[in-house]
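Notes for the one structure printed next.
By convention in this document, chain letters (A, B, ...) are assigned in the order of the sequence lines, proteins followed by strands, and residues within each chain are numbered from 1. Keep in mind the model is a prediction, meaning the values are calculated, not measured.
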Amino acid sequence: MNGSPALALQVGAIGWRSVRRTLRQPATIIPAIAFPIIMLFVTSAGLRASESLPGFPSVSYFDFALVITFMQGAIFATAGAGTDLAADIESGFLDRLALTPMSGAGLVIGQLGGAVVFGVLQATFYLAAGLIGGATIAAGVGGVLMIYAMVIVMAIGFGAIGIAAALRTGSGEAVQGLFPIMFTLLFLSTVNLPLDLIPVDWFRWIATVNPISFLIDAIRSLIITGWEPSVLLVGFAVALGIMVLGVALAAVALRGRLLRT
Amino acid sequence: MTRRRGWTSAVAGIASRQTRVLLKSPALLIPSLLFPMLFFAALAGGLAELARVPGFDYPAGYTSFQFVFVLFQASMFGGVFTGFAAARDFESGFARRLLLAVPHRSAILVGYVVSAMVRAAIIMAFVTVVALLAGLDLIGSPLDVGLLFALALLSNILGSLWALGIALRFRTMNVAPLMQVPFFVLLFLAPVYVPLDLLSGWIREIADVNPVTFLLEAGRALLVGEAGPVGTAWLVILIGGIILGIWSLAALRSAERG
Amino acid sequence: MPAIEVHALTRAFKKGPRAVDGIDLTVDEGEIYGFLGPNGAGKSTTVLMLTTLLPPTSGTALVAGFDVVKDGARVRGAIGAALQEAALDRFLTGWEHVRLQGALHGMSRSDIERRGGELLDRVGMREAASRKVGGYSGGMKRRLDLALALLHRPRVLFLDEPTTGLDPQSRAALWNEVARLSRDEGVTVFLTTQYLEEADALAGRVGIIDHGTIVAEGTPTALKAEIGRASVEIEPHEAARLADLERTLAQFGTAIAAPATGAAIRLDAGVADVAPIVRALDAEGIRIHQLRLREPTLDDVFLEKTGRTLQGSGDSATEGDEA
């Protein structure tokens with residue numbers, strides 16, 4: 001009989017598998033990378049008229065909109081990590097893993113590995129698309145690193161929410177059902193216009209309290225204005241908060257799913 | 001199903017089965033109702049400030065301006081969702097049973113199209129009620145407004161024929177993005193947020209020839225009873241219907257060959 | 001010490017009846033135990049409990065000497081399992097499965113390569129193991145699954161319907177390997193199946209489970225002997241005499257299912273009755289076209305114990321559905 005391997009080894013093994021299977025599904029990866037980029041170009045062209053609104057920041061709408069891609073990437077991370085795990089539950093692969101000395105933490109953290117790698121890959125494509133489209137990152141190279149840091153924390157947080165949903169329901173369809181909810185949250189935020197330029201009261205109110213708005217404002221500030229410590233700190237804190245919440249939800253859901261003694 | 005069934009009853013059978021499935025499964029119905037609502041909220045609510053862009057002069061206001069887009073979008077995506085249903089039917093093997101049972105197979109295609117229109121009508125009614133509550137302003141004459149709804153409802157056929165063509169060709173749910181994304185992008189390459197005249201650059205050049213532009217501009221004109229490319233819009237429906245009809249019939253042939 | 005020792009093991013789901021209702025069983029070391037029953041009888045639920053994946057509602061079970069409730073991790077270390085429908089990742093290769101599983105078992109890299117290669121060779125999957133599982137046939141998946149289950153040298157092997165859906169060749173190959181494991185390596189095998197011939201061919205002892213309880217247990221030979229009675233099936237030369245044939249046969253036993261052109265009975269007095277039957281038919285002037293004598297099978301045992309035939313008797317409810 002073999003002893004239980006260290007957590008790092010387990011995370012390594014499961015994370016490595018998660019990354020492999022993610023990269024081996026071009027049919028999932030390509031749309032997840034291409035779709036946000038297409039939407040970036042199309043929406044920013046359609047909404048360019050916003051630049052002439054009084055009170056709109058003095059940047060191109062394209063720069064203003066670049067953040068959308070990162071947010072859509074985070075939503076794909078939610079769905080991707082959760083869908084993979086739900087498929088493992090449906091197929092019985094999770095039972096195979098459960099028969100080894102694997103720990104629950106090893107499973108959840110390892111599974112998030114795929115989400116993080118995917119998130120970084122996406123972010124790289126989005127940044128490249130932004131630079132090709134003529135955007136500049138006002139906060140410079142440090143800003144780019146900061147964007148990556150945000151992307152990683154968001155991928156873990158949103159990925160964990162997807163994993164929690166998968167563990168709770170065990171159904172890929174239910175995980176996909178998170179998609180519309182996430183998109184709703186994305187739309188009802190400061191994604192298209194700054195808060196000051198949202199005249200409809202109920203919409204402005206939702207956008208004000210919507211955590212997504214804080215994430216958007218933080219990343220956007222790095223792109224269009226440079227270093228704004230207050231905006232950045234709040235955004236980062238919200239991202240960390242989502243991560244803690246997601247991981248906690250996943251941990252609770254794991255207890256209900258892994259019934260093994 | 002018996003062989004005696006004629007073409008019409010086959011159409012009615014398939015359409016009513018699809019509609020029953022839709023009405024009985026909230027998991028299918030709710031997203032197709034909520035998505036347009038979400039768009040309406042995000043566009044009419046979130047972007048209302050765009051009415052203040054210099055040159056924006058739509059008399060009924062931004063909510064009404066966006067209502068037209070959401071109406072067309074909801075109707076067309078009602079068709080795309082029906083393509084999903086058809087692909088699912090092929091995955092489950094149900095559609096193969098239809099192919100065996102129905103003597104005139106074009107009835108299958110028409111059955112799905114009819115069910116898509118029923119779906120679209122439900123969604124459009126829902127969108128309209130919500131929009132009226134949100135301050136939709138119907139300035140045009142009842143005839144104009146009626147024509148707007150007719151145009152929107154018929155544009156549903158374009159969406160279903162496109163998606164059914166994909167569904168019948170590939171016969172798997174994996175191609176759902178192929179049904180959805182090109183249509184989605186085409187919609188957004190039209191004057192969605194502001195009138196055509198306020199678009200500039202590459203998107204203006206595409207929007208100038210995008211058939212969806214004519215539908216939206218005609219619809220917005222009808223809503224307020226102004227002159228617009230209404231004739232061209234009907235031509236878009238007619239020609240688009242013919243082209244996509246041929247496309248989906250060819251796909252049906254390929255499904256018959258297995 | 002027995003490899004598996006189960007006492008009053010019960011599992012109730014929130015809705016519905018008890019999936020497993022107080023079963024007792026003992027499996028000796030190195031033995032192949034066949035657990036036989038229709039779909040939904042409680043086979044898979046039992047396997048899930050014995051493999052520690054599902055806690056029992058009540059009762060006890062010791063596997064490899066460890067309590068499945070109190071000592072789950074140790075049980076898992078001592079067992080290997082190939083559960084229903086070989087759950088593999090279609091995007092990984094066979095070797096990548098081996099390495100993932102080995103790493104999670106805490107095996108050293110060199111041990112994984114050596115042991116993995118050896119097992120892949122043995123199940124005839126060495127070459128295919130560098131390809132992705134997505135392209136494997138059903139039989140290949142089961143063989144890889146078996147190799148994975150054996151990777152960490154378990155003493156007890158659980159196979160949940162290992163050959164369902166396999167073609168005859170793949171099935172025979174798997175049977176050979178399972179028999180070899182028990183014979184040459186002394187591995188204890190707990191095998192669930194809904195195929196009688198599988199239990200008959202492989203298992204030293206068979207337990208028949210129906211509606212969550214064990215209705216019969218013993219060696220296949222003993223179980224068949226317990227039923228004891230052979231059956232005979234006769235086709236008359238002239239179809240017109242079928243009714244007469246049936247009437248004559250009825251004196252010797254109870255009628256059972258037969259082809260349309262003949263009649264069959266379970267013999268009240270066993271094989272000894274064959275000669276009197278032939279004489280009786282002769283006396284009636286019924287000429288015999290064909291006569292077949294059948295020894296009792298496990299299906300007969302199942303019929304006797306449950307009042308139903310095994311094949312096609314399963315209800316549609318899936319086992320192990322969580323309430």
Side-chain angles (χ1 to χ4, degrees), chain A residues 25 27-28 30-32 34-56 60-62 133 171-174 176-177 179-207 210 213, chain B residues 26-28 30-35 37-56 62-63 69 88 134-135 172-178 180-182 184-207 210:
Chain A
Q25 297 181 69
T28 316
I30 293 171
F35 185 70
I37 294 177
I38 294 172
M39 286 315 289
L40 166 69
F41 280 92
V42 172
T43 342
S44 63
L47 278 168
R48 227 171 94 182
S50 315
E51 289 170 15
S52 56
L53 283 175
F56 190 83
S60 80
Y61 192 81
F62 184 81
S171 133
E173 267 182 49
Q176 293 289 335
F179 240 114
I181 298 173
M182 291 291 182
F183 266 105
T184 309
L185 277 175
L186 178 59
F187 277 123
L188 300 180
S189 71
T190 53
V191 66
N192 285 324
L193 285 177
L195 209 50
D196 306 339
L197 294 184
I198 300 174
V200 179
D201 286 337
W202 65 266
F203 196 107
R204 190 177 56 248
W205 188 81
I206 293 177
N210 185 349
S213 295
Chain B
L28 295 178
I30 291 174
S32 48
L33 289 179
L34 281 188
F35 261 121
M37 286 306 106
L38 170 60
F39 268 102
F40 190 53
L43 296 171
L47 296 172
E49 193 73 0
L50 287 176
R52 286 175 49 206
V53 167
F56 187 98
Y62 200 72
T63 300
F69 172 75
R88 253 195 307 272
T172 154
M173 261 313 267
N174 292 346
V175 292
L178 211 52
Q180 203 166 202
V181 174
F184 199 73
V185 172
L186 190 70
L187 273 173
F188 278 86
L189 289 172
V192 174
Y193 309 102
V194 288
L196 184 62
D197 289 340
L198 292 183
L199 289 181
S200 57
W202 61 270
I203 196 154
R204 172 66 190 265
E205 281 165 37
I206 295 177
N210 184 348

[X] and [Y]: which non-hydrogen atoms are nearest, and at how many Å?
X: B:Gly46; Y: A:Leu193; result: O-CD1, 3.6 Å
X: A:Ala49; Y: B:Val53; result: O-CG2, 3.6 Å
X: B:Gly45; Y: A:Pro199; result: O-CD, 4.5 Å
X: A:Val200; Y: B:Ala48; result: CG2-CB, 3.9 Å
X: B:Ala41; Y: A:Trp202; result: CB-CH2, 3.6 Å
X: B:Ile203; Y: A:Val42; result: CD1-O, 3.6 Å

Okay, B:Leu199 and chain A: the region with an atom under 4.5 Å from a heavy atom over there is side chain
Honestly, the part of B:Ala44 sitting under 4.5 Å from a heavy atom of chain A is backbone
Once rounded to the nearest 0.5 Å, what's the spacing between atom [atom1] of [X] and atom [atom2] of [Y]?
X: B:Phe40; Y: A:Phe187; atom1: CZ; atom2: CZ; value: 14.5 Å
X: B:Arg52; Y: A:Ser50; atom1: CZ; atom2: OG; value: 12.0 Å
X: B:Leu198; Y: A:Arg48; atom1: CG; atom2: CZ; value: 12.0 Å
X: B:Leu38; Y: A:Leu186; atom1: CG; atom2: CG; value: 9.0 Å

Inset, instruction - Evaluate the criterion side chain to side chain contact (heavy atoms under 4.5 Å, CB included) for residue pair A:Leu47 and B:Val194; output intermediate values, then yes/no. - result: CA-CA 8 Å; A:Leu47 278 168; B:Val194 288; over 6 Å; no
Residues passing the ring-ring contact (aromatic ring centres under 6.0 Å, His included) test with A:Phe203, sequence neighbours excluded, are none
Applying ring-ring contact (aromatic ring centres under 6.0 Å, His included) to B:Phe188 and not counting sequence neighbours gives B:Phe69, B:Phe184
Which atoms of [X] come close to chain B, meaning under 4.5 Å heavy atom to heavy atom: side chain ones, backbone ones, both, or neither?
X: A:Thr43; answer: both
X: A:Ile38; answer: side chain
X: A:Phe41; answer: both

Would a 4.5 Å heavy-atom cut-off, applied to side chains only, mark A:Ile198 and B:Glu49 as touching?
-> no
